[in-house]
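Worksheet: the structure to be examined is printed underneath.
The shown structure was predicted, so the numbers you read here are calculated from the model rather than taken from an experiment. Computed from heavy atoms alone, side chains included, the values below leave out hydrogens, waters and symmetry copies. Letters A, B, ... mirror the listed sequences (proteins, then strands); counts begin at 1.
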Amino acid sequence: MPKITPYFSKKLIAWYIQNKRELPWRNTLNPYHIWLSEIMLQQTRVSQGLPYFLKFVAAYPKIEDLANAPEDEVLKLWQGLGYYSRARNLHATAKIISEDMRGVFPNNYKDLLKLKGVGDYTASAIASISFNQPEAVVDGNVYRVLSRHFSISTPINSTTGQKEFKQLAQQLIDKDQPGTFNQAIMEFGARYCVPQNPDCENCIFNNSCVAFQQNKVAVLPVKIKTKPVKKRFFNYLVVLSENEHTVLQQRTGKGIWQKLYEFPLIETSEEINLSSLKKLPQFQTFSEKINIENISLFNEKPVIHKLSHQHLSTRFWIVETLEDKENTVPISEVKNYAVPVLIADFVSEFFENY
DNA sequence: AAACCGGGGTC
DNA sequence: GACCCAGGTTT
């Protein structure tokens with residue numbers, strides 16, 4: 001392990017005081033607000049999470065307001081932010097704190113860690129920022145700053161790497177101002193020690209950064225390769241009745257988009273045409289429940305919706321019917337449901353051409 | 001330990 | 001196309 005002196009932490013905090021962004025969760029120690037921001041910012045850039053934070057605080061000023069909201073409403077507000085288990089866990093945790101803990105937020109790392117959706121990073125962040133506990137955070141920014149400054153090549157996504165960087169961060173943390181230190185090192189990584197082409201020549205640490213001196217900035221941090229993305233083929237059946245109702249269903253079970261709404265879906269192993277679609281057992285079952293007047297393909301060219309771990313090659317089939325059966329909603333009201341961005345984009349385009 | 005879970009930005 | 005983002009949970 002490198003030798004630890006107060007030099008690094010003091011200089012980092014001095015930089016932070018001069019260069020930090022003004023963000024709404026930096027004007028408060030309210031654990032509800034800190035928690036909300038930290039959950040939203042998991043694997044999410046500040047610029048993307050910020051408008052959602054403002055929406056949630058306005059809709060749910062107190063944690064009780066969040067706890068008392070219907071889950072569908074919370075998911076709708078979360079729509080577009082991704083990783084929807086965060087929203088479900090957020091809501092469940094709000095209920096637990098509100099109903100089982102008399103609305104009092106856990107005030108230490110160990111108890112925070114027990115909350116749903118709160119792991120090592122988030123427990124440390126809340127403990128340090130809201131409760132002044134010396135618990136070091138290690139997020140993607142911290143990995144990058146530390147691996148470069150101390151030239152550590154241990155893969156950051158290995159078990160040993162996670163332990164090593166956590167231990168180093170814990171030694172570096174300023175115990176007199178742990179929350180400020182944690183935010184400072186993350187802000188420095190996000191704003192200065194950026195992944196690509198950082199301005200090392202003018203960096204305040206360029207006389208102590210080992211990676212800079214060894215010309216290894218570009219190859220740090222080291223990350224173990226990930227597997228290639230999966231390709232999937234989605235066929236959405238967009239029912240359109242004579243009075244413009246459609247069928248929406250809620251996703252259940254495992255996999256992506258749990259509890260979000262979508263049109264009836266038939267997944268295939270490859271792109272298919274209309275005659276092939278009609279022969280599928282899933283389609284046969286579907287067609288028994290509805291009197292199909294006509295089917296047409298909305299988009300000949302599939303929409304490639306890219307998730308981080310899979311590409312969804314998607315085509316929408318317009319299924320016209322005369323009847324208006326149960327469990328249908330006006331297609332103009334789909335916007336009131338929590339749907340994947342893929343579905344929201346389709347609905348927008350549908351009305352543009354309507 | 002590895003797989004899974006979104007969407008958007010950057011180069 | 002590859003990589004990254006104020007990570008956590010499940011298998």
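- Between the side chain of N108(A) and the backbone N or O of Q133(A) there is no donor-acceptor pair closer than 3.5 Å.
- Atom CG of L112(A) is separated from atom C1' of dA6(C) by 16 Å (rounded to the nearest Å).
- Looking at the side chain of S308(A), the nearest of the listed nucleotides dG6(B), dT10(B), dG7(C) is dG6(B).
- Nucleic acid contact class of W25(A) (heavy atoms, under 4.0 Å, all strands): base.
- Residue R26(A) places a side-chain atom within donor-acceptor reach of the base of dA6(C), judged by atom type and a 3.5 Å distance cut-off alone.
- Side-chain polar atoms of Y261(A) and D72(A) form a donor-acceptor pair below 3.5 angstrom.
- Note: CG (L307(A)) to C1' (dG6(B)) measures 6 Å, nearest angstrom.
- Across all strands, L81(A) comes closer than 4.0 Å to base atoms (heavy-atom distances).
- One finds no side-chain N or O of H305(A) lying less than 4.0 angstrom from the OP1 or OP2 phosphate oxygen of dG6(B).
- Distances shorter than 4.0 Å separate none of the side-chain N or O atoms of K254(A) from OP1 or OP2 on dC5(B).
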Self-check item: Candidate pair F205(A) and Y192(A), rule ring pair (Phe, Tyr, Trp, His ring centres under 6.0 Å), full reasoning
Solution: CA-CA 11 Å; F205(A) 289 117; Y192(A) 202 95; 9.2 Å; no
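- For Q42(A) against dG8(C), a side-chain-to-base donor-acceptor contact under 3.5 Å is absent.
- Not one side-chain nitrogen or oxygen of W257(A) sits closer than 4.0 Å to the OP1 or OP2 atom of dC4(B).
- K230(A) has a side-chain polar atom (N or O) that falls below the 4.0 Å cut-off from OP1 or OP2 of dC4(B).
- Each of S47(A) and H309(A) lies near DNA chain B, and the nucleotide nearest H309(A) is the one positioned closer to the 5' end.
- There is no path of hydrophobic side-chain contacts, each under 4.5 Å, that joins F316(A) to V341(A).
- Put simply, Y84(A) has a side-chain N or O that comes within less than 4.0 Å of OP1 or OP2 on dG7(B).
- Checked by atom type, the side-chain pair Q177(A)/D174(A) shows a donor-acceptor distance below 3.5 Å.
- At a threshold of 4.0 angstrom between heavy atoms, the contacts of V118(A) are confined to the sugar-phosphate backbone, with no base atom among them.
- Phosphate contact (OP1/OP2 of dC5(B), side-chain N/O of R88(A), threshold under 4.0 Å): absent.
- Here G189(A) lies out of heavy-atom contact (under 4.0 Å) with every strand.
- Near DNA chain B, meaning a heavy atom under 4.0 Å away, the residues from residues 215-227 of chain A are K227(A).
- Taking atom NE2 on H311(A) and atom P on dG7(B), their separation rounds to 13 Å, with Å as the unit.
- For the pair V339(A) and T160(A), nearest-nucleotide mapping onto DNA chain B gives the more 5' position to T160(A).
- Using a 30° and 60° split on the angle between ring planes, F56(A) and Y60(A) fall in the perpendicular class, above 60°.
- Here N182(A) lies out of heavy-atom contact (under 4.0 Å) with every strand.
- Within the 4.0 Å cut-off from OP1 or OP2 of dG8(C), at least one side-chain nitrogen or oxygen of T122(A) is found.
- For the 3.5 Å distance criterion, the side chains of T122(A) and Q42(A) qualify, holding a donor opposite an acceptor.
- A donor-acceptor contact under 3.5 Å is formed by the side chain of Y83(A) with the base of dG6(B).
- Counting distance only, with no hydrogens placed and no angle test, the side-chain atoms of R86(A) and the base atoms of dC5(B) include no donor-acceptor pair under 3.5 Å.
- If you check the side chains of E38(A) and Y121(A), you find a donor sitting under 3.5 Å from an acceptor.
- Contact annotation: Q310(A) reaches the phosphate of dC5(B) (side-chain N/O to OP1 or OP2, under 4.0 Å).
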